[in-house]
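Data block below; observations after.
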Amino acid sequence: MPQKQTAHKKLQNSRPERGDRVGYWLVKSEPDCFSIDDLLAAKGRTTYWDGVRNYQARNMLRDQMKLGDRVLFYHSNAKPPGIAGVAEVVREGYPDTTAFDVKHEHYDPKSKPDSPTWYRVDLKLVAKFPRELSLPALRQVPALAGMALLQRGSRLSVQPVSSQEFKTVLALAEIDES
DNA sequence: GCCAACGTTGGC
DNA sequence: GCCAACGTTGGC
């Protein structure tokens, strides 16, 4: 795919769609696997966001998530599911090397070191919410009705969030803009 | 544990 | 390139 590669390189060197504005995202994690407390306890409160094996999500990790972008940290498959805090992008998309490791549970033979299929970013915790915002509570908020997370059949583990939605979520969490 | 929604795979 | 079968996600 030489053409896609070219487009990709252009994107890496500038932000044609967005200028220098901060982007907003939501990522899902199953707390049984990796929770916001795990991120809090991690060295530098920072982790590799790897293991994503979906092309739409990959494209966002690889091409669109930029340094300083804010990321809502969502607990999926939890009781109840909900948004647990905010992180930021501290390293932009780079190859997910777990895909190269035969022994790794996310091994994928079609991803090669010289042409990686899968990418990851590094995320650092900004704030854990004093109280998690549960999915049912989020559904009660009219300003969030358009949020990707709340749409039917929304399964993407990385989703874009609008700046308005992000602001609304922080207000609900009673977290100051930072 | 059920199942709807969605993505991927592979036969043709 | 179609589409049925299958696998996964994730709320409930």
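In what follows, chains carry the letters A, B, and so on, assigned in the order in which the sequence lines appear, proteins first and then strands, with residues in each chain numbered from 1. Only a predicted model underlies this, so the values are computations on that prediction, with no experimental measurement involved.
Salt bridge status for Asp96(A) with Arg53(A): present, with a side-chain N to carboxylate O gap under 4.0 Å.
Taken from CZ in Arg139(A) to CE in Met147(A), the straight-line distance is 11.0 Å, to the nearest 0.5 Å. Put simply, CG on Leu67(A) and CD on Glu88(A) are 8.5 Å apart, with the number rounded to the nearest 0.5 Å.
Between Gly153(A) and Asn77(A), it is Asn77(A) whose nearest contact on DNA chain B lies nearer the 5' terminus.
To the nearest angstrom, P of dT8(C) lies 14 Å from CG of Asn54(A). To the nearest angstrom, C1' of dG10(C) lies 16 Å from CD of Gln151(A). Atom-to-atom, CZ of Arg155(A) to P of dG7(C) comes out at 14 Å; the value is rounded to the nearest Å. The CG-C1' distance, from Leu135(A) to dT9(C), rounds to 14 Å in whole Å. Rounded to an integer number of Å, the gap from CG of Leu26(A) to P of dT9(C) is 16 Å. Atom pair Leu149(A):CG and dG10(C):P shows a separation of 10 Å (rounding to whole Å applied). Counting to the nearest Å, the C1' atom of dC6(B) and the CD atom of Gln159(A) are 13 Å from each other. Atom pair Lys79(A):NZ and dG1(B):C1' shows a separation of 11 Å (rounding to whole Å applied).
Side-chain atoms of Arg139(A) lie closest to dC12(C) of the nucleotides dT9(B), dT9(C), dC12(C). Distances were taken from every side-chain heavy atom of Tyr55(A) (C-beta onward) to each of dG11(C), dT8(B), dG7(C); the shortest belongs to dT8(B). For Lys110(A), whose side chain is taken as the heavy atoms from C-beta onward, the closest listed nucleotide among dT9(C), dT9(B), dG11(C) is dT9(B).
Taking only side-chain nitrogens and oxygens, Lys28(A) never comes nearer than 4.0 Å to OP1 or OP2 of dT9(C). For dT9(C), neither phosphate oxygen OP1 nor OP2 lies less than 4.0 angstrom from any side-chain nitrogen or oxygen of Tyr74(A).
At the heavy-atom level, Arg53(A) lies nowhere under 4.0 Å from the strands shown. Nucleic acid contact class of Glu30(A) (heavy atoms, under 4.0 Å, all strands): none.
Exactly one of Phe73(A), Tyr119(A), Trp118(A) qualifies for a ring pair (Phe, Tyr, Trp, His ring centres under 6.0 Å) with Trp49(A). That residue is Phe73(A).
At least one side-chain heavy atom of Pro130(A) sits under 4.5 Å from a side-chain heavy atom of Ile175(A).
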